[in-house]
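Have a look at the structure below, then the notes.
Numbered from 1 within each chain, the chains take letters A, B, ... in sequence-line order.
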2 protein chains.
Amino acid sequence: MVQLVHPATEDISLAGVLAALSDPMRLRIVKALLEQADCVSMSCTAAAPCPAMAKSTLSNHFRVLREAGLVRTTKKGVEHRNVVREADLDARFPGLLKSILAHAE
Amino acid sequence: MVQLVHPATEDISLAGVLAALSDPMRLRIVKALLEQADCVSMSCTAAAPCPAMAKSTLSNHFRVLREAGLVRTTKKGVEHRNVVREADLDARFPGLLKSILAHAE
DNA sequence: TCAATAGTCCCATATTTCCGAACTATTGAA
DNA sequence: TTCAATAGTTCGGAAATATGGGACTATTGA
């Protein structure tokens with residue numbers, strides 16, 4: 001089980017979070033990740049918020065989310081497990097994520 | 001006194017708002033507009049959150065904010081007056097703007 | 001050892017952003 | 001009126017960024 005590189009909580013920036021969530025696809029991904037508390041593989045077969053999207057594009061979206069500090073990715077065997085960093089985000093920007101997601105969809 | 005074109009409140013989209021505010025300069029502009037309840041001309045001489053920025057770039061930022069439904073622009077003589085659409089935004093996405101701005105800067 | 005699966009990396013194309021320069025509109029003065 | 005000054009917009013090219021196809025890597029299971 002490998003941990004990928006993630007920004008420390010205090011290094012998460014507001015602009016980064018907003019930029020990451022300003023893409024409708026990424027917003028849907030985060031929403032889907034939260035709704036099924038359990039993981040979601042990068043292919044989004046479980047959450048399926050991204051039907052006809054190229055693998056490379058999807059990979060890029062997850063990278064943006066990861067670098068913005070929105071999700072934590074762990075590599076388990078052949079697949080990646082993405083979890084929203086709810087606690088970290090709430091520590092850094094109290095209430096923000098909830099407030100944004102409340103209006104998603 | 002001329003009203004420029006603005007989206008109706010119900011046409012304001014979450015992605016649009018987030019995209020508009022995901023630019024640090026625009027976030028600063030909105031914050032500055034709110035802090036001095038009174039107008040701010042497009043040159044930001046009053047708010048001055050944008051020192052060394054080309055006129056055309058600034059004009060573009062205000063257009064983005066306007067089209068996203070974040071500010072209302074009225075043309076008074078030779079200058080433009082920009083006001084944050086607080087009430088409209090709060091009607092469309094209750095609490096969102098406040099939540100985002102609480103963490104700005 | 002080999003095939004299958006899950007992602008990443010690289011590259012070409014497409015889109016967006018930035019800024020200078022030219023242009024438009026309004027005002028105020030001569 | 002006419003002219004200069006001020007405030008923004010529009011245009012066009014350069015720079016930055018996003019997209020997706022295809023090749024590549026890593027892990028698993030047969």
Side-chain angles (χ1 to χ4, degrees), chain A residues 1-6 13 15-30 32-33 36 38-68 70-83, chain B residues 1-6 13 15-29 32-33 38-68 70-83:
Chain A
M1 205 273 280
V2 184
Q3 269 274 23
L4 271 66
V5 182
H6 300 85
S13 79
V17 170
L18 295 180
L21 295 180
S22 70
D23 181 287
M25 184 59 64
R26 288 194 291 261
L27 187 59
R28 251 184 290 169
I29 291 174
V30 170
L33 285 175
Q36 14 210 321
D38 200 7
C39 81
V40 165
S41 84
M42 185 152 294
S43 67
C44 283
T45 43
C50 21
M53 165 151 295
K55 252 192 334 178
S56 53
T57 304
L58 193 54
S59 173
N60 190 53
H61 281 318
F62 273 97
R63 184 183 53 75
V64 171
L65 289 173
R66 186 164 54 240
E67 290 179 359
L70 276 157
V71 307
R72 186 176 301 282
T73 309
T74 51
K75 195 172 166 187
K76 257 201 170 111
V78 80
E79 69 181 19
H80 288 201
R81 187 158 298 229
N82 291 284
V83 179
Chain B
M1 207 274 279
V2 183
Q3 270 274 23
L4 271 68
V5 181
H6 300 85
S13 78
V17 169
L18 295 180
L21 295 180
S22 70
D23 181 286
M25 185 58 65
R26 287 194 291 263
L27 188 60
R28 252 185 291 169
I29 291 174
L33 284 175
D38 200 7
C39 79
V40 165
S41 84
M42 185 153 288
S43 67
C44 284
T45 43
C50 20
M53 164 151 297
K55 254 193 331 178
S56 53
T57 304
L58 193 54
S59 173
N60 190 54
H61 280 318
F62 273 98
R63 184 181 54 72
V64 171
L65 288 173
R66 187 163 55 241
E67 290 178 358
L70 275 157
V71 307
R72 185 177 300 283
T73 310
T74 51
K75 194 173 166 187
K76 259 201 168 110
V78 79
E79 69 180 19
H80 288 201
R81 188 158 298 226
N82 291 283
V83 179

Of the nucleotides C:dT8, D:dT10, C:dG20, which has the atom closest to the A:S59 side chain? C:dT8

Rounding to a whole Å, what distance do you find between A:H80:NE2 and D:dT27:P? 9 Å

In terms of side-chain heavy atoms of B:M53, which of D:dG8, C:dC19, D:dA23 is nearest? C:dC19

State, to 0.1 Å, how close B:P24 and A:A15 come at their nearest heavy-atom pair, and which atoms those are. CG-CB, 4.1 Å

Separation of atom CZ in B:R26 from atom C1' in C:dC18, rounded to whole Å: 12 Å

What is the distance from atom CG of A:L65 to atom CG of A:N82, rounded to the nearest 0.5 Å? 8.0 Å

With the side chain of B:H61 defined as its heavy atoms from C-beta on, choose the nearest nucleotide among C:dG7, D:dT9, C:dC18. C:dC18

Provide the closest heavy-atom pair for A:S22 versus B:L18 in the form atom of the first, atom of the second, distance. CB-C, 3.6 Å

Nearest listed nucleotide, side chain of A:K55, among C:dG7, C:dT26, D:dT9: C:dG7

Let me know the distance between CG of B:N60 and P of D:dG13, rounded to the nearest Å. 18 Å

Roughly, in whole Å, what's the span from CG in A:D23 to C1' in D:dA18? 9 Å

May I ask you to evaluate whether B:R66 reaches the phosphate of D:dT9, defined as a side-chain N or O under 4.0 Å from OP1 or OP2? yes

If only side-chain N and O atoms of B:R63 are considered, is one of them under 4.0 Å from the OP1 or OP2 phosphate oxygen of C:dT17? no

Could you tell me if the side chain of B:H6 sits less than 4.5 Å from the side chain of B:T73, heavy atoms only? yes

Roughly how far, to the nearest 0.5 Å, is CZ of A:R28 from CG of A:D23? 9.0 Å

Between P on C:dC18 and CG on B:L58, what's the gap in Å once rounded to a whole number? 11 Å

What is the separation between atom CZ on A:R81 and atom P on C:dA6, rounded to the nearest whole Å? 13 Å

For the residue pair A:F62 and A:V71, what are the closest heavy atoms and their distance? O-CG2, 4.4 Å

Whole angstrom value for the distance that separates C1' of D:dT9 from CG of B:N82: 14 Å

Ranges pairing with ranges for DNA chain D, where each run has three or more Watson-Crick or G-U pairs under 3.5 Å: C:1-30 with D:1-30

Euclidean distance, atom CD of residue A:E79 to atom P of C:dT8 [Å, nearest integer]: 12 Å

On DNA chain C, nearest-nucleotide positions of B:V78 versus A:S56: which is more 5'? A:S56

Do the non-hydrogen side-chain atoms of A:I29 and A:L58 ever get within less than 4.5 Å of each other? yes

Choosing from D:dT27, D:dG21, C:dT26, which nucleotide comes nearest the side chain of A:K75? D:dT27

